[in-house]
Amino acid sequence: NHRNLRHSLMNKATHLMKYMLTGAVVLVAAALAAWKYWDYIINPWTRDGQVHAQVIQVTPRVSGPIIHLPIRDNQQVKAGDLLFEIDPRTFQSAVKQAEAELKQAQASLDEARDEAKRAEDIRKRDRGAVSGAEFTRRELALRGAEAKVLQAEAALEDAQLNLEFTRVQASVDGYVTNLNLRLGSQAVANQPALALVDKASFWVHGYFRETMIEDVSPGDRAVVTLMTYPDRPVEGRVDSIGWGISQSDGSTGHDLLPSVSPTFQWIRLAQRIPVRVHLERVPDGVELRVGTTASVLVMTD
């Protein structure tokens, strides 16, 4: 009987330990779930993030065939590097012509100045030797000659600028992208020729649900996880929060009436608000690329 009682007590103790262990595991799991949910509420997180950067449309100021193209697609360049060169011969000729016109205008100015000075000297010696109308005519001729010199100088400066514009250089450190130019192809003035991604301008937009941004403020620490590099998070700070998004309802529709979509009262989807994150430290080996996907965690507490 003592042996049976002892065995029964041991079985009960074993079952009790199992129940207690199971309960402890459940409590720990519940606590972890509650902590995770609280952390999710306090520190909003989204998978809907995207890398952005300033993209400069490189546009030639003059037209002409391309005679030199030292770059390749997706190449990294520095500010001041030559991207391509347009045939300068037409613009060199324009500079020479403008220089000749300036010299001619300066010669005419010298002649007009001499005539005006001569008339002034004669008038001082004998006031009646030169009529007032003749004196005024020579003064006006001098002013006209001065204006023509200014005009010729402006034309020469314009021609020199056009000659400089035949060499298109990178304005910032960055990456050449979407290069479709070829040697001999025609560059057209004021038409974008290629894109240059500014290396120093990368940022991330995290698109958070409107229910999650109440406590988000500029300056909050942010952690960005790029899909390309899931094991190397990037540190950042919240730079700003968007003040508006595009609205489909209320836009002008047929007969200038507002276009309003039907609303399902039992479904209300939260809108996504862009939160701009400034990247502070990019780990070695991490290459940022415009348009790639990222997850964004904002630490508000």
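Owing to the predicted nature of the structure, the values given are computational and were not obtained by experimental measurement. The figures here come from the full heavy-atom set of this structure, side chains too, leaving out hydrogens, waters and symmetry mates.
- Taking CD of Glu99 as the start and CD of Gln97 as the end, the distance is 11.0 Å to the nearest 0.5 Å.
- Interatomic distance, His205 NE2 to Asp48 CG, rounded to the nearest 0.5 Å: 11.5 Å.
- The nearest pair of heavy atoms linking Gly291 to Gln50 is O-NE2, 3.5 Å.
- Counting only heavy atoms from C-beta outward, the side chains of Leu194 and Phe84 approach each other to under 4.5 Å.
- With Pro60 as the fixed residue, the side-chain contact (heavy atoms from CB on, under 4.5 Å) test singles out one of Ile86, Leu83, Ile66: Ile86.
- For Gln106, there are no side chain to side chain donor-acceptor pair (under 3.5 Å) partners two or more places apart in sequence or in a different chain.
- Residues Leu69 and Ile71 form a side-chain contact, since some pair of their non-hydrogen atoms from C-beta on lies under 4.5 Å apart.
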Step by step, would you call Leu102 with Val149 a side-chain contact (heavy atoms from CB on, under 4.5 Å)?
CA-CA 6 Å; Leu102 176 58; Val149 168; 4.2 Å; yes
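- Looking only at distances, a side-chain donor or acceptor of Thr46 sits under 3.5 Å from a matching main-chain atom of Tyr207.
- Taken together through direct or relayed side-chain contacts under 4.5 Å among Ile, Leu, Val, Met, Phe, Trp and Tyr, Val238 and Phe202 form part of one hydrophobic cluster.
- Considering all non-hydrogen atoms of both residues, Gln169 and Gly80 come closest at NE2-O, 3.5 Å.
- Taking a 6.0 Å sphere around CD of Gln75, one finds it holds more than 12 heavy atoms contributed by other residues, nucleotides or ligands.
- Put simply, the side chain of Glu210 never gets that close to the backbone of Ala270: no donor and acceptor are under 3.5 Å apart.
- By the 4.5 Å heavy-atom criterion applied to side chains, Arg272 and Arg209 are counted as neighbours.
- When the side chains of ILVMFWY residues are joined at heavy-atom separations under 4.5 Å, either directly or via intervening members, Leu82 and Leu161 end up in two distinct hydrophobic clusters.
- For the residue pair Arg47 and Thr293, the shortest heavy atom distance occurs at O-CG2, 4.1 Å.
- Connection of Ile245 to Ile213 is established within a shared hydrophobic cluster, with ILVMFWY side chains joined at heavy-atom distances below 4.5 Å, either directly or through further cluster members.
- In this structure, Thr166 contributes its side chain and Leu163 its backbone to a donor-acceptor pair below 3.5 Å.
- Scanning both residues, Ser171 and Leu196, for their nearest heavy atoms gives N-CD2, 4.3 Å.
- When every heavy atom of Pro88 is checked against every heavy atom of Glu85, the shortest pair comes out as CG-OE2, 4.3 Å.
- Using a cutoff of 4.0 Å between basic side-chain nitrogens and carboxylate oxygens, Arg221 and Glu235 are scored as salt-bridged.
- By the side chain to side chain donor-acceptor pair (under 3.5 Å) test, Asp220 pairs with no residue at all, sequence neighbours left out.
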Does Glu164 form a side-chain contact (heavy atoms from CB on, under 4.5 Å) with Arg61? I'd like the steps, not just the answer.
CA-CA 10 Å; Glu164 291 180 10; Arg61 301 283 296 273; over 6 Å; no
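- Listed here is the closest heavy atom pair of Leu109 and Leu142: CD1-CD1, 3.8 Å.
- Between the side chain of Asp239 and the backbone N or O of Val277 there is no donor-acceptor pair closer than 3.5 Å.
- The distance from the CG atom of Leu279 to the OG atom of Ser201 is 10.5 Å, given to the nearest 0.5 Å.
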Under the side-chain contact (heavy atoms from CB on, under 4.5 Å) criterion, do Val223 and Met299 qualify, and how do the steps go?
CA-CA 8 Å; Val223 178; Met299 299 182 178; 3.9 Å; yes
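- Using a 4.5 Å heavy-atom threshold, the side chains of Val55 and Asp198 count as separate.
- Hydrophobic clustering keeps Val62 apart from Ile67 (ILVMFWY residues linked when any side-chain heavy atoms are closer than 4.5 Å, directly or through intermediates).
- Expressed to the nearest 0.5 Å, how far OG1 of Thr300 lies from CE of Met212 amounts to 10.0 Å.
- In the hydrophobic clustering of ILVMFWY residues, with side-chain heavy atoms under 4.5 Å counting as a link, Leu183 and Val188 come out apart.
- By the neighbour-count criterion of 12 heavy atoms within 6.0 Å, atom CD of Gln57 is sparsely surrounded, having that number or fewer from other residues, nucleotides or ligands.
- Between the OG1 atom of Thr292 and the NE2 atom of His52 there is a distance of 9.5 Å, given to the nearest 0.5 Å.
- The backbone N or O of Asn178 lies less than 3.5 Å from a partner atom in the side chain of Asp73, making a donor-acceptor pair.
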Given the rule in the side-chain contact (heavy atoms from CB on, under 4.5 Å) test, do Val296 and Val275 qualify, once you have shown the distances and angles that lead to the verdict?
CA-CA 9 Å; Val296 182; Val275 175; over 6 Å; no
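- Checked against a 6.0 Å centroid threshold, the rings of Trp203 and His278 do not count as neighbours.
- Take Arg232 and apply the salt bridge (Lys or Arg N to Asp or Glu O under 4.0 Å) test, not counting sequence neighbours, and it matches no residue.
- In this structure, Arg237 contributes its side chain and Gly219 its backbone to a donor-acceptor pair below 3.5 Å.
- The environment of Gln186 atom CD is dense: over 12 non-hydrogen atoms of other residues, nucleotides or ligands sit within 6.0 angstrom.
- Atom CD of residue Gln151 and atom CD of residue Glu101 lie 9.0 Å apart, to the nearest 0.5 angstrom.
- Side-chain N or O atoms of Asp173 include one that pairs as donor or acceptor with a backbone N or O of Ala79 at under 3.5 Å.
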